[in-house]
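To start, the structure itself, in structure tokens.
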Amino acid sequence: ALIHDLRFTVSDGSSRSFDTANEEFFINCRKCADAEFPWYSPSRYKYRALSGILYDAVASRFGWQAWRKNDKTTQIAASQR
């Protein structure tokens with residue numbers, strides 16, 4: 001999650017950077033589940049499923065709204081009003 005938060009902080013606010021950060025978040029969550037639990041452990045699949053739920057949360061409409069609030073162009077335009 002830290003990498004995702006860092007990408008959020010330094011992003012350009014574009015949909016491409018949003019999608020890239022979210023895909024990386026999803027892949028890293030799965031890697032963590034796979035590294036932590038052996039293939040035969042039910043916990044491995046539980047946490048892999050949880051990574052999908054977390055991905056849905058960060059890639060949702062609300063995630064996009066938060067991402068757009070971080071858009072540097074939007075912030076500058078809003079400050080000039």
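Once rounded to the nearest 0.5 Å, the distance linking NZ of Lys46 with OG of Ser51 reads 13.0 Å. Here CG of Asn22 is found 11.0 Å from CG of Leu54. Values are rounded to the nearest 0.5 Å.
More than 12 heavy atoms of other residues, nucleotides or ligands shown are found within 6.0 angstrom of CZ on Phe26.
Side chain of Ser17 to backbone of Ser14: a donor-acceptor contact under 3.5 angstrom is found.
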List the steps and the verdict of side chain to side chain contact (heavy atoms under 4.5 Å, CB included) for Tyr40 and Tyr45. CA-CA 9 Å; Tyr40 53 83; Tyr45 302 100; over 6 Å; no
Between Arg30 and Ile27, is the side chain to side chain contact (heavy atoms under 4.5 Å, CB included) condition met? List the steps. CA-CA 5 Å; Arg30 287 206 157 191; Ile27 290 166; 5.9 Å; no
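Closest approach of Tyr55 to Glu23, counting heavy atoms only: OH-OE2, 2.9 Å. When all heavy atoms are compared, the tightest approach of Phe37 to Tyr47 is CE1-CD1, 3.5 Å.
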